[in-house]
2 protein chains.
Amino acid sequence: MGAMGRRNQHSREEQRQMALAAADELVAAEGLAGFSMRKVAQTMGYTVGNLYLLFSNQDDLLAEVSLRTADAMYEYLRGVAARPKAPLERLQAIAAGYISFAQKHSFRWRLMFEHYLPPEKWDHPGLNAQQTALFEFVEEHLAPLLPEASPKQLRAAATALWSSVHGLCVLAITGKLNWSGLKDARPLSDLIVRAFVSGLREERS
Amino acid sequence: MGAMGRRNQHSREEQRQMALAAADELVAAEGLAGFSMRKVAQTMGYTVGNLYLLFSNQDDLLAEVSLRTADAMYEYLRGVAARPKAPLERLQAIAAGYISFAQKHSFRWRLMFEHYLPPEKWDHPGLNAQQTALFEFVEEHLAPLLPEASPKQLRAAATALWSSVHGLCVLAITGKLNWSGLKDARPLSDLIVRAFVSGLREERS
DNA sequence: GCCCGATTTGAACGCTGATCATTTCCACCG
DNA sequence: CGGTGGAAATGATCAGCGTTCAAATCGGGC
């Protein structure tokens, strides 16, 4: 048992990681448009066919790359959230961090949202866990600002708030935002968080 | 002059419109993934090469299809906004209309945002006009709710609000929204508009 | 030393966007 | 009525894509 009849010194799992690393770099460098299975295979020193022994198809490979990016972003946001002490500033820092991560890793970030998974694959376990983790992360940092909210209200508020920040991020990245003289997105993300939180507190009084 | 040496009875401009109609239907039916120049050509009864006499390439054709969709959506939103009299309900109706349009014309709508234009093409005249029109439309309906805001503040508020609604829409369409028991997006879009407007008024007092 | 079977290959298939020499056809002229 | 010039449309061609799978390749066990 063990390594039987193996020509290469890399195990299956090592090959998977090599492929993911190569794919991630390729996406980061050329975007989804410049991505191809052949390039990935060549970068990792194997041939195309071998990739299909590691991943069932291109979509699966890209889905795992997306997952990696989501992980990296989540960790980055946790770091960003650690600094500010005041709850509101912490939320604003998270929002700004979300956007700056997206701007820094533009192609990677866009892959997460432009790589379309057919609806029947929407209940991918790892992917959903990631999403709920992000929602709960926002929820956790929103909670101190809405002490009287019920769990359901809090959940709805976090969903709405994160959607809002995400929308600003999308438009900023894709250039579809009418900047109207604004230098960067930070004032707008601050405004969104501030107004939203203040509006929710108002609502409950 | 006029129709010289023309084999077909369709003028260049007519052909453009036929191509756009065919492309639009194809996108609506199969999405960006199922789109191809050959299919468009076949649907309109011409060959591939001819398409490149009408549009410089696939991106240009798709950009014009996007423009069409944006036009249709804008007109739809104007209709939606005509009904409610109260300013807040009108804004909420616009937000809900935006989302319901995206859900009804899911593939068309997604084309507008997934069809990536390289940054050097971000100053396309028609496209930018469309975008500012939409922003100004929101601004116009937000203004009565923020009577004391300066033009700059109003512009920023409209940008932030529309971004927020857009974000909710994106997540709803792509299935990346943690619904957490919610049936549809309407309550969330209402919440976003309500909280945001209330928060902005609070801020200014 | 040999061979079995796991491992890896790469040619093949049908598709794509894009190009452009070639063909087709009409309007005009004699 | 018979050319004929030139606009209009074609489709073969190219490079590249995702995906498949029969065939080639190699290493451990006997």
Side-chain angles (χ1 to χ4, degrees), chain A residues 1-20 22-23 26-27 29-66 107 111 114-118 121, chain B residues 1-20 22-23 26-27 29-66 107 111 114-118 121:
Chain A
M1 56 164 300
M4 299 171 63
R6 192 162 294 137
R7 263 191 269 185
N8 206 303
Q9 59 225 34
H10 304 300
S11 76
R12 267 283 108 110
E13 190 50 35
E14 280 173 331
Q15 288 181 34
R16 274 180 68 90
Q17 294 310 318
M18 289 166 61
L20 286 173
L26 183 55
V27 166
E30 304 192 30
L32 188 49
F35 179 90
S36 92
M37 296 294 268
R38 285 175 163 85
K39 286 185 192 169
V40 171
Q42 189 172 2
T43 298
M44 62 185 286
Y46 280 83
T47 50
V48 217
N50 194 47
L51 266 181
Y52 289 83
L53 302 172
L54 308 173
F55 304 91
S56 61
N57 53 36
Q58 183 178 235
D59 273 1
D60 275 18
L61 171 53
L62 287 178
E64 297 214 25
V65 174
S66 284
F107 279 138
L111 174 68
E114 286 177 17
H115 173 237
Y116 181 63
L117 280 181
K121 276 232 135 197
Chain B
M1 57 165 300
M4 297 170 66
R6 192 162 294 138
R7 265 193 266 186
N8 205 304
Q9 60 225 32
H10 305 299
S11 75
R12 239 357 35 145
E13 190 49 34
E14 280 173 330
Q15 289 181 34
R16 275 181 67 90
Q17 294 310 317
M18 289 167 61
L20 285 173
L26 183 55
V27 166
E30 305 191 30
L32 189 49
F35 179 91
S36 91
M37 296 294 269
R38 284 173 163 85
K39 288 184 190 169
V40 170
Q42 188 172 3
T43 299
M44 63 183 287
Y46 280 83
T47 50
V48 217
N50 194 47
L51 265 181
Y52 290 83
L53 302 173
L54 308 172
F55 304 90
S56 61
N57 53 35
Q58 183 179 233
D59 273 2
D60 275 18
L61 171 53
L62 287 178
E64 296 214 24
V65 173
S66 283
F107 279 138
L111 175 69
E114 288 177 17
H115 173 237
Y116 181 63
L117 279 180
K121 276 231 134 199

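- Which of D:dC17, C:dG17, D:dT19 sits closest to the side chain of B:Ser36 comes down to C:dG17.
- Spacing between atom CG of B:Asn50 and atom C1' of C:dT22 amounts to 15 Å, rounded to whole angstrom units.
- The CE atom of B:Met44 sits 13.0 Å away from the CG atom of B:Leu26 when rounded to the nearest 0.5 Å.
- Nucleotide D:dC17 holds its C1' atom 14 Å from the CG atom of A:Leu51, rounded to whole Å.
- In this structure, the CD atom of B:Glu30 is 14 Å from the C1' atom of C:dT16, given to the nearest Å.
- Distance OH/A:Tyr46 to NE2/A:His10: 5.0 Å, rounded to 0.5 Å.
- For B:Gln42 and C:dG17, the CD to C1' distance is 16 Å, given to the nearest whole Å.
- A close approach under 4.0 Å does not occur between any side-chain nitrogen or oxygen of A:Gln15 and OP1 or OP2 of C:dT7.
- Taking for each of A:Lys39 and A:Gly49 the nucleotide of DNA chain D with the nearest heavy atom, the 5'-most of the two is the partner of A:Lys39.
- Under 4.0 angstrom from either OP1 or OP2 of D:dT20 there lies no side-chain N or O belonging to A:Tyr52.
- Interatomic distance, CG of A:Leu51 versus OG of A:Ser56, reported as 11.5 Å (0.5 Å rounding).
- Summarising the geometry, the separation between CD on B:Gln58 and P on D:dC17 is reported as 15 Å, rounded to the nearest angstrom.
- In this structure, the CE atom of B:Met18 is 10 Å from the P atom of D:dA9, given to the nearest Å.
- Here C:dT7 presents its C1' atom at 7 Å from CZ of A:Arg12, a figure rounded to the nearest Å.
- Distance from the side chain of A:Tyr46 is smallest to C:dT8 among D:dC17, C:dT8, C:dT16.
- Summarising the local packing, CD of B:Glu30 is surrounded by more than 12 heavy atoms from other residues, nucleotides or ligands at distances under 6.0 Å.
- To the nearest 0.5 Å, the span separating OG on B:Ser36 from NZ on B:Lys39 amounts to 5.5 Å.
- With rounding to whole Å, B:Leu53 atom CG is found 13 Å from D:dG11 atom C1'.
- The listed nucleotides are D:dT10, C:dT16, D:dA8; the one nearest the side chain of B:Arg38 is C:dT16.
- The side chain of A:Met37 approaches D:dT19 more closely than any other nucleotide in the set D:dT19, C:dA18, C:dT9.
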